[in-house]
Amino acid sequence: MTLYVATSNRGKLREFALAGGPEFQIVPATVENPPEETGATFEENASIKAAAYSRRCAGLLFAEDSGIVVDALGGAPGIYSARFAGPDASDDDNNRNLIAALRGLPDRRATYVSAIAIAEAGAILGTFRGEVEGMIVDDARGSGGFGYDPHFFYPPFGMTFAEASPERKFEVSHRRRALDQLFAWLKNRFHAR
């Protein structure tokens, strides 16, 4: 089955490619003129993108919105994770901003969240959410991953997501958990036909 994905994020595209396997061929969709992400939740923003881009392609398309929710910051950066340090912020800028915001705060619990919405011809067919819990460490560790991975320490691994191989990280990641739900839903939906 071919699934289109609406993202220009190379890190996410690599992870989506890992997930597809022999059953699902994941094809990047053209993502020009992105819609404004005006939702109040990850699910709403994923749905806005999925609905908009699915009107421009023939077939099923999914979009994802993800970020990091930090307990001590009242859930920030949350849906603003990609622009925590401003609209054109880099991953490094966002990470510096996060560590500065946490300075002096002892609670370092954080949750990575991924919400996926699947759509066809502008209609949302379903949304799926994956989460993984960890802690924020002050010093960046590792050179892999992207986003907040160098500061996201995952206790079962004893390392940050940036220190883990892409395959090992993906086995437990928030994105994988949301994709697994999507794939199970698709198998059920099309098996029932």
Quiz item: Would Arg129 and Glu43 pass as an ion pair if we require N to O under 4.0 Å?
Solution: yes
Quiz item: Would a 4.5 Å heavy-atom cut-off, applied to side chains only, mark Leu186 and Phe24 as touching?
Solution: yes
Practice problem: I would like to know whether Thr127 and Ser47 meet side-chain contact (heavy atoms from CB on, under 4.5 Å); could you show each step before the answer? | Solution: CA-CA 8 Å; Thr127 60; Ser47 295; 3.6 Å; yes
Quiz item: Do Arg141 and Phe153 have side-chain heavy atoms sitting under 4.5 Å apart?
Solution: yes
Self-check item: Note: Glu133-Arg109 ion pair, threshold 4.0 Å (strictly below)
Solution: no
Quiz item: Is it the case that one hydrophobic cluster holds both Tyr53 and Ile48, taking links as side-chain heavy atoms less than 4.5 Å apart, direct or via other members?
Solution: no
Quiz item: What are the two closest heavy atoms between Asn45 and Gly39, and how far apart are they?
Solution: OD1-N, 2.8 Å
Exercise. Measure the CZ-CG distance between Arg189 and Leu182 for me, rounded to the nearest 0.5 Å.
Key: 11.0 Å
Quiz item: Does Val5 share a hydrophobic cluster with Phe183, counting links as ILVMFWY side-chain heavy atoms below 4.5 Å and allowing steps through other members?
Solution: yes
Quiz item: Any donor-acceptor pair under 3.5 Å linking the side chain of Asp91 with the backbone of Gly147?
Solution: yes
Quiz item: Does the Glu15 side chain pair with the main chain of Lys12, one donor and one acceptor, at a distance under 3.5 Å?
Solution: no
Quiz item: So which residues get pulled into Ile124's cluster when ILVMFWY side chains under 4.5 Å apart are joined, directly or through others?
Solution: none
Quiz item: So among Arg175, Glu64, Arg176, which one has a side-chain hydrogen bond (donor to acceptor under 3.5 Å, both in side chains) with Ser114?
Solution: Glu64
Quiz item: Do Ser54 and Tyr4 have side chains that get closer than 4.5 Å, going by heavy atoms?
Solution: no
Quiz prompt | Under-4.0 Å salt bridge between Glu23 and Lys187 | solution = yes
Quiz item: Where is the tightest heavy-atom contact between Ala115 and Ala46, given as atom of each residue plus distance?
Solution: O-CB, 3.5 Å
Exercise. Measure across Ser81 and Gly67 and return the closest heavy-atom pair with its distance rounded to 0.1 Å.
Key: OG-CA, 3.3 Å
Quiz item: Closest heavy-atom contact between Pro155 and Gly134?
Solution: CD-CA, 4.1 Å
Quiz prompt | Transitive ILVMFWY side-chain link Leu125 to Leu179, under 4.5 Å | solution = yes
Practice problem: For residues Leu3 and Leu61, determine if any side-chain heavy atom of one lies less than 4.5 Å from a side-chain heavy atom of the other. | Solution: no
Self-check item: Side-chain heavy atoms of Lys49 within contact of Pro34, under 4.5 Å
Solution: no
Self-check item: Derivation of the ring pair (Phe, Tyr, Trp, His ring centres under 6.0 Å) call for Phe62 and Phe16
Solution: CA-CA 11 Å; Phe62 72 91; Phe16 293 141; 5.1 Å; yes
Practice problem: Would you name the heavy atoms of Ala50 and Ala63 that are closest together and state the gap between them? | Solution: N-CB, 3.6 Å
Quiz item: Within the side chain of His174, is there an N or O that forms a donor-acceptor pair under 3.5 Å with the backbone of Gly130?
Solution: no
Quiz item: Between Asp138 and Arg103, does at least one N-O distance fall below 4.0 Å, as a salt bridge requires?
Solution: no
Quiz item: Other than Ile68, which residues form its hydrophobic cluster under the rule that side-chain heavy atoms must be closer than 4.5 Å?
Solution: Val70, Leu73, Phe84, Leu98, Ile99, Leu102, Leu105, Tyr112, Val132, Ile136, Tyr148, Phe152, Tyr154, Phe157, Met159, Phe161, Val172
Exercise. Quick one: pull up CG in Asp93 and CG in Asp88 and give me the separation to the nearest 0.5 Å.
Key: 9.5 Å
Quiz item: For the residue pair Lys169 and Asp149, what are the closest heavy atoms and their distance?
Solution: NZ-OD2, 2.6 Å
Quiz item: Can you tell me if Asn94 uses its side chain to pair, donor with acceptor, with the backbone of Ala82 under 3.5 Å?
Solution: yes
Quiz item: Does any non-hydrogen side-chain atom of Arg168 lie less than 4.5 Å from one of Glu163?
Solution: no
Quiz item: Does Asp180 pair with Arg177 as a salt bridge, N-O distance under 4.0 Å?
Solution: no
Quiz item: Would you say Glu32 has more than 12 foreign heavy atoms packed within less than 6.0 Å of its CD?
Solution: no
Quiz item: For the hydrophobic clusters of this structure (ILVMFWY residues joined by side-chain heavy atoms under 4.5 Å, transitively), does one cluster hold both Leu13 and Val31?
Solution: no
Practice problem: Determine whether Phe42 and Val69 make a side-chain contact, defined as any pair of heavy atoms from C-beta on separated by less than 4.5 Å. | Solution: yes
